[in-house]
Amino acid sequence: MAGLLGHRDENLRLIERSFPETDIFVRGTEINVTGQDAEQVGRLFEELVVMLQRGQPLDPANVTRSIDMVRSAERPSEVLTHEVLRSAKGRTVRPKTAGQKRYIDAIRSNVITFGIGPAGTGKSWLAVAMAVQSLQAKDVQRIILTRPAVEAGERLGFLPGDLMAKVDPYLRPLYDALYDMVEPEGAQKLLERQTVEVAPLAFMRGRTLNNSFIILDEAQNTSPEQMKMFLTRIGFGSKVVVTGDVTQVDVQGGRSGLIGLERILTGIDGMAFVHLTQADVVRHKIVADIVAAYEKAGDDDAGARQ
């Protein structure tokens, strides 16, 4: 009960605030629920108990996500206890929303998966976790991380160093995700042996990528020609994840190779498009609020133009 109700009953208070039309009475090891949302609250407590039984600690963040899932008729015990990978730091990588669980399931089941959604939804981070898991399971022989070298409105100028030093700033988010999954020393060894390759998208031209887990990050900043080039590099035994946010296009002229692609490729076996939303944002709550505000502003602008 202590784990269920939380420190000083903080989980219980959170549930009570989320369902103000429902009364919750706790006596010893019994919980009685009455009121308008009694059925939902009852299911919520059942799910939370299952999560505790499976070793998943309950903090306010997990309880909040569980409340959202139960309201959407989803089962948090199936989502939040699903282990993808145990990182080098001992941290378990798990989906934190139902959308992230669908994304992971799609990656497992398809040759090519497109993860499309706003910042903070874990598109790149989960893709790297799935890549490391596939490498550890020997499903692939190497990991290739790539993204287009497109500036987000800034002018970086003539950076010092060799070619890779110049493009490193663009690839740094992929390095960061990799270091989260394996220790920096281990990551460095994988990079030195070229078991993990990090390269700008332009380096993919003319290659055939076999037995690889390939991640194309920031795909909204590819041109249609680059996207076609990339998708036709895929060889035997490979798996591909393409991530992007169609609301943050920085490619010149706005000709994004990601926008409109689902319409072109619909119906191809072994390919899935997973759309993540503000409900899947797992950064600070303010990030979800910012995403929602921009989406509302976009909808208002569209309405004003009609």
Side-chain angles (χ1 to χ4, degrees), residues 1-105 117-123 125-126 129 177 180-181 274 276-296:
M1 288 298 287
L4 179 64
L5 302 181
H7 179 63
R8 295 184 177 178
D9 292 345
E10 63 180 347
N11 294 343
L12 176 61
R13 303 290 170 248
L14 176 57
I15 295 169
E16 288 175 333
R17 289 195 300 272
S18 300
F19 297 94
E21 304 299 321
T22 303
D23 295 318
I24 305 170
F25 304 95
V26 179
R27 290 183 180 177
T29 58
E30 288 189 1
I31 299 175
N32 294 309
V33 183
T34 60
Q36 181 175 311
D37 299 310
E39 185 179 345
Q40 272 194 349
V41 174
R43 276 194 290 111
L44 173 63
F45 276 115
E46 289 172 358
E47 290 290 310
L48 295 177
V49 168
V50 172
M51 290 165 61
L52 281 171
Q53 290 172 338
R54 295 179 181 175
Q56 175 71 35
L58 297 180
D59 56 22
N62 274 341
V63 173
T64 299
R65 293 181 187 117
S66 298
I67 290 169
D68 292 339
M69 287 184 220
V70 167
R71 281 176 168 158
S72 301
E74 293 160 343
R75 297 197 60 188
S77 62
E78 293 182 354
V79 175
L80 299 177
T81 62
H82 181 87
E83 184 172 320
V84 176
L85 177 76
R86 192 170 291 275
S87 72
K89 299 173 183 176
R91 186 171 59 181
T92 302
V93 178
R94 291 188 174 105
K96 294 183 178 179
T97 68
Q100 288 189 349
K101 177 68 162 52
R102 288 193 296 273
Y103 180 46
I104 287 169
D105 290 342
T121 51
K123 305 181 300 293
W125 196 73
L126 286 171
D180 262 351
M181 306 304 161
V274 179
L276 302 170
T277 68
Q278 69 185 59
D280 300 300
V281 173
V282 294
R283 291 181 185 168
H284 193 288
K285 182 182 180 297
I286 198 171
V287 176
D289 293 340
I290 290 169
V291 171
Y294 271 101
E295 287 182 355
K296 184 178 185 302

Original post:
Which atom pair, heavy atoms only, marks the closest approach of Met1 to Gly28?
Top reply: CE-O, 3.6 Å
Subject >> CG on Leu126 to CD1 on Ile104, rounded to 0.5 Å >> reply: 4.5 Å
Original post:
Taking Lys96 for the side chain and Leu80 for the main chain, is one N or O donor matched with an acceptor at less than 3.5 Å?
Top reply: no
Original post:
Is there a side-chain contact between Arg86 and Val93, using heavy atoms and a 4.5 Å cut-off?
Top reply: no
Subject >> salt bridge (Lys or Arg N to Asp or Glu O under 4.0 Å) pairs, two or more places apart, involving residues 36-65 >> reply: Glu47-Arg75
Original post:
Does the side chain of Ile24 reach to within under 4.5 Å of the side chain of Phe19, using non-hydrogen atoms?
Top reply: no
Subject >> Donor-acceptor contact below 3.5 Å, side chain Ser18 vs main chain Leu14 >> reply: yes
Original post:
Does any non-hydrogen side-chain atom of Val26 lie less than 4.5 Å from one of Leu5?
Top reply: yes
Original post:
Got a salt bridge between Arg13 and Glu16, using NZ or NE/NH1/NH2 to carboxylate O under 4.0 Å?
Top reply: yes
Original post:
To the nearest 0.5 Å, how far apart are CZ in Phe25 and CD1 in Ile31?
Top reply: 12.5 Å
**OP:** Using modelled atom types only, decide if a donor and an acceptor are shared between the side chain of Thr277 and the backbone of Ala279 within a distance under 3.5 Å.
**Re:** yes
Original post:
Closest approach of Ala98 and Met69, non-hydrogen atoms and distance?
Top reply: N-CE, 4.1 Å
Subject >> Sole candidate of Leu48, Val63, Asn11 that passes side chain to side chain contact (heavy atoms under 4.5 Å, CB included) when paired with Leu4 >> reply: Leu48
Subject >> Euclidean distance, Ile15 CD1 relative to Glu10 CD, rounded to 0.5 Å >> reply: 11.0 Å
Subject >> Closest heavy-atom pair and its distance - Gly3, Leu52 >> reply: C-CD1, 3.9 Å
**OP:** Of all the heavy-atom pairs spanning Gln56 and Asn62, show the shortest one and how long it is.
**Re:** NE2-ND2, 2.8 Å
**OP:** To the nearest 0.5 angstrom, please state how far the NE2 atom of His82 sits from the OG1 atom of Thr92.
**Re:** 12.0 Å
**OP:** Work out which heavy atom in Asp280 is nearest to a heavy atom in Leu276; give both atom names and the distance.
**Re:** OD2-CA, 3.5 Å
Original post:
Do the non-hydrogen side-chain atoms of Gln40 and Arg71 ever get within less than 4.5 Å of each other?
Top reply: yes
**OP:** Output yes when a side-chain donor or acceptor of Tyr103 lies under 3.5 Å from a complementary backbone atom of Lys123, and no otherwise.
**Re:** yes
Original post:
Where do Arg102 and Val274 come nearest, in terms of heavy atoms and distance?
Top reply: O-CG2, 4.3 Å
Original post:
Going by heavy atoms in the side chains, are Val84 and Arg94 under 4.5 Å from each other?
Top reply: no
